[in-house]
Amino acid sequence: MDYDFKEIEGKWQKYWQEKEVFRVKPEKGIPKYYLLEMFPYPSGKIHMGHVRNYTIGDVFARFKMMTGFCVLHTMGFDAFGQPAENAAIKNKTKPDIWTYKCIDWMRQELKKMGFSYDWDREISTCDSDYYKWNQWIFLKMFERGLAYRKTANVNWCPTCETTLANEEVVDGGCWRCHAEVKQKELKQWFLKITEYKERLLEDLKQLEYWPKRVVTMQTNWIGKSQGVEIYFRLKENHKIIPVFTTRVDTIFGATYIVLAPEYPLVKEVIKGNPQEKKVLKFIEKVSKESKAVRTATDIKKEGVFTGSYCLNPVNNEEIPIWVADYVLKEYGTGAIMAVPCHDQRDFLFAKEHNLPKKIVIQSVDSRQSTVDQMNEAYEGDGLQVNSGQFDGLANEEAKIKIAEWMEEKGIGKRTLNWRLRDWLISRQRYWGTPIPVIYCDKCGVVPVPEKDLPVKLPAEVEISGRGGSPLAYVKDFVETACPECKSKARRETDTMATFIDSSWYFLRFCSPKFDKGPFDKKEVSYWMPVDQYIGGIEHAILHLLYSRFFTKFLKDIGLLDFDEPFLRLLTQGMVLKDGEVMSKSKGNIVDPDSIIKKYGADSLRLYILFAAPPEVEMEWSEEAIEGTFRFLKRVWRFLEYQPKTTQGKGKEPALERKTHRTIKKVTEDIENFKFNTAISGIMELVNEIYLAIGHRSQDAGQNPEACSMPACRIGGQPESIEEAIRTVVLLVSPFAPHLAEEMWQELGNQESILRSPWPKYDTALLQGETVTMVIQINGKLRSKVEVAADISETKLKEIVLSDEKTKPWIKDKPIRNFIIVPQKLVNIVV
RNA sequence: GGGCAAGUGGUGGAAUGGCAUACACGAAGGACUUAAAAUCCUUUGACCGUAAGGUCGUGAGGGUUCAACUCCCUCCUUGCCCACCA
C-alpha cells in the first residue's frame with residue numbers, strides 16, 4: 001500500500017469540512033484559546049511566506065485542540081487596497097469582481113494546505129457587512145473629536161493627476177510615468193492617535209510575551225523624549241523662537257540656530273534684508289523636494305543665512321539665524337539650536353558653512369583636542385566647560401541644574417517631545433471604505449447618521465488611475481441631501497486607509513455575522529484577547545500600533561474590557577531562495593501549489609517547519625523537501641507492521657523509554673515554538689522503532705537482508721513497538737494531519753485524531769537504570785563509563801579511577817579536584 | 001548614524017555553562033534488481049597515524065571558570081528594521 005498523498009489529503013479535507021470538525025463555539029468549563037495569524041491580502045495565489053505563517057499557526061492550533069482547549073482559529077481576507085484598482089485598469093475588469101475571484105482562488109489554495117480554520121467565520125473587509133463597522137467606528141471617533149480634518153501634503157504626480165503612496169515614488173519620480181513628483185496640499189482626515197500616546201507607550205510594559213525588538217521598535221516610533229524648550233529672542237524685536245533640545249547641557253556651545261524652511265517666522269525675519277531673495281529661492285527649492293529626497297543621508301546638508309541674529313538667553317551672545325533643509329517643521333518646534341562641537345550634523349553643517357564652534361563638554365578619560373583639531377563632534381558625556389557657573393559639573397547633572405535655572409529665569413521650560421504624529425487616513429482611491437461624511441453649504445461637515453450606514457461603494461465606477469478620487473466622478477454617489485437641513489449636499493469622496501480594516505478584524509472574528517454592532521460583546525469577552533498572534537516582522541510598527549490604538553479606543557467607549565489585543569506575538573522569519581527574499585522582481589518564486597502536487601501538503605508543512613526555527617529566516621531547498629517526503633513514507637510503512645498474535649506480549653524497556661522521552665521533548669518543543677527540533681525528535685523515535693523491529697528479526701535468526709517491513713512480522717515484543725507507532729502518529733498529527741488521520745483510522749480508530757487526547761508521558765519511564773557518565777581529565781573527554789543511575793559518590797570515584805582509559809592520563813599525578821555533575825559527567829583536575 | 005538579530009561541517013541546522021556538529025540534505029561506497037526507480041545498510045569536520053590513538057576545531061583576539069558555541073570585554077562581517085528626530 002503506497003503512500004498516496006493525493007487521495008489521502010483530498011479525503012480528509014472533505015471529511016473535516018463535512019463533519020464540521022473545526023467549527024467552534026464557546027464552551028463552558030473548557031479553557032479557550034484564540035490563535036490568530038495575520039490575514040492575507042487576496043492577491044490570488046498564496047506564497048511561501050503565507051505557507052510558513054499559517055503552518056506555524058496551524059500546528060499550534062491543532063496541538064491546543066488536542067490538549068483540551070476550545071480553539072478559535074479563523075481566516076479572512078484583507079481585501080481592500082490598490083492592487084485591485086491596478087488590476088482593474090490593466091485587465092479591464094472591476095475591482096470587486098477581481099477581488100472576489102482572487103479570494104476564491106486563495107481560499108481554495110488554503111484549503112489544500114489542510115489548515116484547521118473555522119471557515120464559517122470567514123470575513124472579507126470589502127464586504128459592506130464589514131466596512132459598515134469601519135464607518136461606525138469612524139463616527140464614534142468623530143463624535144469624540146478623534147477624527148478631524150486638516151490640510152496636509154500628498155505626493156502628487158502632475159502627469160497622471162493622482163496621489164501617490166510613498167512606495168509609488170521611485171527616485172523622486174512617479175512609478176508609472178517617471179514624472180517628477182510634487183507636493184500638493186489637500187484637506188484630509190486624521191485620527192488623533194497622539195491622544196493615546198502615553199497609554200500606547202506605557203502599556204508596552206504589559207507585553208512581556210512580545211519579542212523585545214518589536215517593543216523597542218514601537219517605543220522608538222512613539223519616540224518620547226525628555227528635554228527643554230529654550231526661548232531664543234530675535235535681536236531686532238525680541239520675538240520668541242522656541243527651540244527644543246534633549247541636550248540642554250550644551251546650550252553654552254550653541255553658535256547659531258536653524259529654522260525649518262517652512263517655519264512661519266522665516267519670511268518675517270528676512271523681509272527687506274539683502275538675503276531675502278536668496279532665502280526665498282532656497283525655500284522654493286526645498287518645497288519641491290519630496291520627503292524621500294530631503295531625508296536621504298548621502299545628500300549634503302544645504303542651508304542659507306537669513307541675515308538676522310538672535311540672542312542666546314543664557315549669555316546674551318548674538319548668534320546667526322540660518323535656514324536649512326535638514327530641520328523638519330513637524331518635529332519639535334521646527335527650530336533647533338546648533339552645537340557643532342557636540343552634534344555631528346551641526347558639526348558638518350558648521351564646517352561646510354564656516355560657522356563658529358565652541359567646546360562646552362570635556363571628555364573625562366581622553367584628552368580632548370582644541371576646536372581646530374576636532375574632526376568630528378563629541379557626543380559623549382563629560383564635564384562642563386565654558387558654561388559659566390556650571391563649569392566643572394558632570395553634564396548629566398548639569399542637564400538638571402541648567403533646566404532648573406532656566407525655568408527660574410523664565411528663559412526655558414522642561415518639556416516632553418513625541419515623535420508620533422496623528423494618523424492620516426484619507427486616500428484618493430476607489431477600492432476602500434467610503435468616509436461617512438457629508439458636506440453641506442449651510443451645516444458644514446455633517447456625519448452620516450448611524451441608521452444610514454453603510455455608505456456603500458457604488459458599483460459603476462470608471463477606474464482610470466487618473467484625476468484624483470474616482471468617487472468624485474460618480475454623480476449618484478456625490479450628490480445627496482444634508483441629513484440635517486435636507487438641502488443639496490455633497491458626499492466625501494475619499495476612502496479610508498486600509499490599515500483601518502485590519503485594526504479591529506480580530507474582534508469581528510469572534511462574531512462575524514453580528515449585525516447590531518461591530519461585534520457581540522458577549523462573544524468578544526469570551527474569546528478576546530488573542531492568546532497568540534503570528535505574522536511578519538514588517539507589521540511590527542504600524543499594524544500592531546493601530547490595532548492597539550483601536551482596542552484602547554473601543555475600551556474607552558465601553559465596548560471592551562481589556563487594554564491590549566494580543567497577549568503573545570510571534571514574528572516569523574522570511575522565506576529565502578539562494579540567499580534572497582522570494583519576490584516576483586527577482587524571479588525566484590517557488591509556487592506552493594507545484595510543491596503540493598509533487599509531494600503533498602503534509603510534506604510541505606513538515607519541511608517548512610523543519611528547515612529552520614520559526615522566527616529566523618529560512619532557506620528554501622527543493623532537495624531537502626525530498627527528505628521530509630521520505631520521512632513521511634517511512635512513517636506510513638508502519639501500517640505494514642503486523643506482529644503475530646501467537647508471539648505473546650512483551651516490553652522493550654529501551655524503546656518504551658525512548659517513546660516517553662520523545663513525548664516529553666515534542667510536547668515541550670511545540671509549546672516553545674521549536675518545531676524544527678520537535679520534528680527531529682519524532683524522526684529519532686521513528687529510527688529507533690525501525691531498529692527495534694530489525695533487531696527482533698535478527699534475534700529470531702532471520703536473514704537480516706530479508707528484513708524489509710513485511711518480513712518483520714515476527715516481532716518479539718510488540719507491545720512497546722505498537723505503543724511507539726501509535727505515539728508517532730499522534731505526535732506527527734499537528735504537522736502532517738492528513739497522513740495522521742488516515743493512519744489513525746487504519747489503526748482501528750473511528751473518530752478524527754483531533755478528538756483523541758495528546759499523549760502523556762510517564763515520568764517513571766523516562767529514567768533508565770543506568771546512565772553513561774563522561775569522564776574528563778582537565779576538561780578533556782577521555783573516557784565514558786556506564787553506571788547505575790543512583791550510584792554513590794564514593795562508588796563512582798572508585799569506578800572512574802580504576803577505568804583503564806582514565807589511568808594513563810592520571811598516572812601518579814596528585815588529584816587536585818574531582819567534580820561530579822550528577823548523571824552527566826565527572827571532571828578530574830590533576 | 002541609531003536599534004535589533006545573527007556568524008557552528010560541503011548545505012539547512014542542533015547543543016544557552018558540562019560529550020560540539022543531534023536531525024536532515026548532499027556526496028561516496030555497498031545490498032536488492034536484467035536494468036532503473038524505490039527501499040535498506042555503511043562512511044562522511046580538518047590534520048597526523050598502518051592501527052590503537054592523538055592534535056586542532058563553533059567569525060578574530062583577549063578574559064572569567066575545574067569546564068565556554070554558550071557568560072564578560074574589544075574588534076570584524078552579514079542581515080533586518082528605523083532614521084537629518086535636535
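The sequence lines fix the lettering, A, B, ..., with proteins before strands; numbering per chain opens at 1.
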Engineer: Provide the distance between the two P atoms, one in B:rC19 and one in B:rA83, to the nearest whole Å.
Structural biologist: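 Nearest-Å result for B:rC19 against B:rA83 at atom P: 44 Å.
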
Engineer: With hydrogens left out and only the distance checked, is there a donor-acceptor pair under 3.5 Å joining A:Asn817's side chain and the base of B:rC66?
Structural biologist: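 When only heavy-atom distances are counted, A:Asn817 does not reach the base of B:rC66 through any donor-acceptor pair under 3.5 Å.
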
Engineer: Hey, does A:Asn827 reach any base, or is it just sugar-phosphate, or nothing, if we go heavy atoms under 4.0 Å?
Structural biologist: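 Counting heavy atoms under 4.0 Å across all strands, the contact made by A:Asn827 includes a base.
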
Engineer: Which nucleotide, B:rC66, B:rA86, B:rG18, lies nearest any side-chain atom of A:Val829?
Structural biologist: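 Closest of the options to the side chain of A:Val829: B:rC66.
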
Engineer: Quick one: is B:rC19 close enough that its OP1 or OP2 comes under 4.0 Å of any side-chain N or O from A:Arg782?
Structural biologist: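 Looking at the OP1 and OP2 atoms of B:rC19, neither is under 4.0 Å from any side-chain N or O of A:Arg782.
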
Engineer: Assign A:Arg630 to base, sugar-phosphate, or nothing according to its heavy-atom contacts below 4.0 angstrom with the strands shown.
Structural biologist: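 A:Arg630: backbone/sugar contact only, no base atoms under 4.0 Å.
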
Engineer: Tell me the partner of B:rU11, counting only Watson-Crick (N1-N3 plus N6-O4 or O6-N4) or G-U wobble (N1-O2 and O6-N3) with both under 3.5 Å; none if nothing fits.
Structural biologist: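 Across all strands, the one nucleotide that pairs with B:rU11 is B:rA24.
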
Engineer: Closest nucleotide of RNA chain B for A:Ala612 versus for A:Asp343: which of these residues is on the 5' side?
Structural biologist: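 Closest to the 5' end, via its nearest nucleotide, is A:Ala612.
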
Engineer: For B:rC40 and A:Arg634 - does any side-chain N or O of the residue sit under 4.0 Å from the phosphate oxygens OP1/OP2?
Structural biologist: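 Checking A:Arg634 against B:rC40: at least one side-chain N or O falls below 4.0 Å of OP1 or OP2.
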
Engineer: Please report the distance separating the C1' of B:rG17 from the corresponding atom of B:rC82, rounded so that it comes out in whole Å.
Structural biologist: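 My reading of the C1' atoms in B:rG17 and B:rC82 gives 35 Å.
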
Engineer: Find the partner of B:rG53: check Watson-Crick (N1-N3 plus N6-O4 or O6-N4) and G-U wobble (N1-O2, O6-N3) distances, both under 3.5 Å, and reply none if neither fits.
Structural biologist: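 Base partner found: B:rC48.
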
Engineer: Considering only the P atoms, how many Å lie between B:rC75 and B:rA20, rounded to the nearest integer?
Structural biologist: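 After rounding to an integer number of Å, I get 31 Å for this pair.
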
Engineer: Here's a test of your reading of the structure: between A:Pro613 and A:Gly779, which maps to the more 5' nucleotide of RNA chain B?
Structural biologist: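 Whichever sits nearer the 5' end wins; that is A:Pro613.
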
Engineer: Roughly how many Å apart are B:rU55 and B:rU64, using the P atom of each and rounding to a whole number?
Structural biologist: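 Nearest-Å result for B:rU64 against B:rU55 at atom P: 23 Å.
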
Engineer: With P as the reference atom in both, quote the distance from B:rA52 to B:rU43 in angstrom, rounded to an integer.
Structural biologist: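 Result for the P pair: 14 Å, nearest Å.
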
Engineer: If B:rG61 has a Watson-Crick or G-U wobble mate with both distances under 3.5 Å, name it; if not, just say none.
Structural biologist: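 Paired with B:rC73.
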
Engineer: Counting any heavy atom closer than 4.0 Å, what does A:Thr246 reach on the DNA or RNA strands: base, sugar-phosphate only, or nothing?
Structural biologist: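 It contacts sugar-phosphate atoms only.
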
Engineer: Could you tell me whether A:Glu622 atom CD has more than 12 heavy atoms of other residues or ligands within 6.0 Å of it?
Structural biologist: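 Correct, the count exceeds 12.
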
Engineer: Within the structure shown, what part of the strands sits under 4.0 Å from A:Gly223 by heavy-atom distance: base, sugar-phosphate, or nothing?
Structural biologist: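 Result for A:Gly223 = nothing.
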
Engineer: Can you tell me how far P of B:rC56 sits from CG of A:Leu781, to the nearest Å?
Structural biologist: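 One finds 14 Å between P of B:rC56 and CG of A:Leu781, rounded.
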
Engineer: Could A:Lys358 and A:Phe252 be counted as a cation-pi pair, given that NZ or CZ must be under 6.0 Å from the ring centre and within 45° of the axis?
Structural biologist: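 Relative to the ring axis of A:Phe252, which defines the angle, A:Lys358 lies outside at least one limit.
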
Engineer: Using purine N1 to pyrimidine N3 plus N6-O4 or O6-N4 for Watson-Crick, or N1-O2 and O6-N3 for G-U wobble, both under 3.5 Å, which nucleotide pairs with B:rU16?
Structural biologist: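 Here B:rU16 is not engaged in any pair, so there is no nucleotide opposite it.
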
Engineer: Does the side chain of A:Thr415 come under 3.5 Å of the side chain of A:Glu229 through a donor N or O and an acceptor N or O?
Structural biologist: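 Distance-only check fails for A:Thr415 and A:Glu229.
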
Engineer: Looking only at side-chain N and O atoms, does A:Glu626 offer a donor or acceptor that is under 3.5 Å from a partner on A:Tyr599?
Structural biologist: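 Yes.
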
Engineer: Contact class for A:Pro211 vs. all strands (heavy atom < 4.0 Å): base, sugar-phosphate, or nothing?
Structural biologist: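 No contact.
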
Engineer: Please report the distance, rounded to the nearest Å, between CZ in A:Phe610 and P in B:rA14.
Structural biologist: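 From A:Phe610 CZ to B:rA14 P: 10 Å.
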
Engineer: Need the pair for B:rC40. Rule: Watson-Crick or G-U wobble, both distances under 3.5 Å, any strand; none if unpaired.
Structural biologist: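 Partner of B:rC40: B:rG30.
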
Engineer: Under 4.5 Å between any side-chain heavy atoms of A:Val771 and A:Glu786, yes or no?
Structural biologist: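 Heavy-atom side-chain distance check fails, nothing below 4.5 Å.
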
Engineer: Phosphate oxygens OP1/OP2 of B:rA38: is one of them under 4.0 Å from a side-chain N or O of A:Lys633?
Structural biologist: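 For A:Lys633, the contact criterion (side-chain N or O under 4.0 Å from OP1 or OP2 of B:rA38) is not met.
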
Engineer: Round to a whole Å and report the spacing from CZ of A:Phe675 to C1' of B:rG12.
Structural biologist: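 Nearest whole value for this atom pair: 18 Å.
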
Engineer: When you check the glycosidic angle of B:rG59, does it come out syn, meaning within 90° of 0, or anti?
Structural biologist: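 Here B:rG59 takes the anti form, which means its glycosidic angle is more than 90° from 0.
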
Engineer: Given that both distances must come in under 3.5 Å, which nucleotide forms a Watson-Crick or G-U wobble pair with B:rA35?
Structural biologist: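 B:rA35 is paired with nothing.
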
Engineer: Ignoring backbone atoms, establish whether A:Lys674 has a side-chain N or O less than 4.0 Å from OP1 or OP2 of B:rA22.
Structural biologist: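 Answer no for this pair, as no side-chain N or O of A:Lys674 is under 4.0 Å from OP1 or OP2.
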
Engineer: A:Phe499 vs A:His539 aromatic rings, parallel, tilted or perpendicular, using cut-offs 30° and 60°?
Structural biologist: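 Correct class here is perpendicular.
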
Engineer: A:Arg419 side chain N/O closer than 4.0 Å to the phosphate oxygens (OP1, OP2) of B:rA86?
Structural biologist: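 So the side-chain polar atoms of A:Arg419 never come under 4.0 Å of the phosphate oxygens OP1 or OP2 of B:rA86.
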
Engineer: Ignoring hydrogens and angles, are the base of B:rC4 and the side chain of A:Lys212 linked by a donor-acceptor pair under 3.5 Å?
Structural biologist: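 No such pair is found, so the answer is no.
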
Engineer: Within this structure, what is the CH2-to-C1' distance between A:Trp809 and B:rC66, rounded to whole angstrom?
Structural biologist: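 Rounded to the whole Å, the gap is 17 Å.
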
Engineer: B:rC80 pairs with which nucleotide, Watson-Crick or G-U wobble, both distances below 3.5 Å?
Structural biologist: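 Per the H-bond distance test, B:rG3.
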
Engineer: Can you check the A:Leu609 CG to B:rA24 P distance for me, whole Å?
Structural biologist: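 Taking atom P of B:rA24 as the reference, CG of A:Leu609 is at 17 Å.
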
Engineer: Reckon A:Asn417 has a side-chain N or O less than 4.0 Å from the OP1 or OP2 of B:rA86?
Structural biologist: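 Checking B:rA86 against A:Asn417, no side-chain N or O comes under 4.0 Å of OP1 or OP2.
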
Engineer: Specify the separation, in whole Å, of atom CD of A:Glu619 and atom C1' of B:rG26.
Structural biologist: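 Between C1' of B:rG26 and CD of A:Glu619: 14 Å.
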
Engineer: Any idea which of B:rG12, B:rA15, B:rC4 is nearest the A:Thr677 side chain?
Structural biologist: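 Minimum distance to the A:Thr677 side chain belongs to B:rA15.
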
Engineer: Determine, for A:Phe818 and A:Lys797, whether the Lys NZ or Arg CZ falls below 6.0 Å from the six-membered ring centre while staying within 45 degrees of the axis.
Structural biologist: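 Geometry flag: set, cation within 6.0 Å and 45°.
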
Engineer: Between B:rG45 and B:rG26, how far is it from one C1' atom to the other, in whole Å?
Structural biologist: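 Roughly 15 Å separates the two C1' atoms.
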
Engineer: A:Ala624 has a side chain; which of B:rC25, B:rG12, B:rC82 sits nearest to it?
Structural biologist: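 Closest nucleotide to the A:Ala624 side chain: B:rC25.
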
Engineer: Would you say A:Tyr3 and A:Leu739 make side-chain contact, with heavy atoms under 4.5 Å?
Structural biologist: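 SC-SC contact between A:Tyr3 and A:Leu739 confirmed.
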
Engineer: I need the CD-P distance between A:Glu617 and B:rG79, as an integer number of Å.
Structural biologist: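 Rounded to the whole Å, the gap is 10 Å.
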
Engineer: Expressed in whole Å, how much space separates the C1' atoms belonging to B:rU44 and B:rA37?
Structural biologist: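 25 Å, rounded to whole Å.
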
Engineer: Closest to the A:Gln776 side chain: B:rA86, B:rA24, B:rG18?
Structural biologist: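 So the side chain of A:Gln776 is nearest to B:rG18.
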
Engineer: Expressed as a whole number of angstroms, how long is the span from A:Glu622:CD to B:rG26:C1'?
Structural biologist: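 Checked: the CD to C1' distance equals 15 Å.
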
Engineer: OP1 or OP2 of B:rC85 less than 4.0 angstrom from a side-chain nitrogen or oxygen of A:Arg247, does that happen here?
Structural biologist: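 Indeed not, no polar side-chain atom of A:Arg247 lies that close.
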
Engineer: According to the interplanar angle, ranging from 0 to 90°, do the rings of A:His353 and A:Phe349 count as parallel (below 30°), tilted (30 to 60°) or perpendicular (above 60°)?
Structural biologist: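 Tilted: the ring planes of A:His353 and A:Phe349 meet at 30° to 60°.
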
Engineer: So what does A:Val774 hit on the nucleic acid, given a heavy-atom distance under 4.0 Å: a base, only sugar-phosphate, or nothing?
Structural biologist: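 Base: the residue A:Val774, judged by heavy atoms under 4.0 Å, touches a nucleobase.
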
Engineer: Verify the contact: side-chain N or O of A:Asn687 to OP1 or OP2 of B:rA24, cut-off strictly under 4.0 Å; return yes or no.
Structural biologist: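 Yes, because at least one side-chain N or O of A:Asn687 sits under 4.0 Å from OP1 or OP2 of B:rA24.
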
Engineer: Just compare B:rA14, B:rC4, B:rG18 and give me whichever is closest to any side-chain atom of A:Asn676.
Structural biologist: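 Given the options B:rA14, B:rC4, B:rG18, the side chain of A:Asn676 is closest to B:rA14.
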
Engineer: Taking only the C1' atom of each, what is the distance from B:rU78 to B:rU8 in whole angstrom?
Structural biologist: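 Rounded to whole Å, the distance is 15 Å.
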
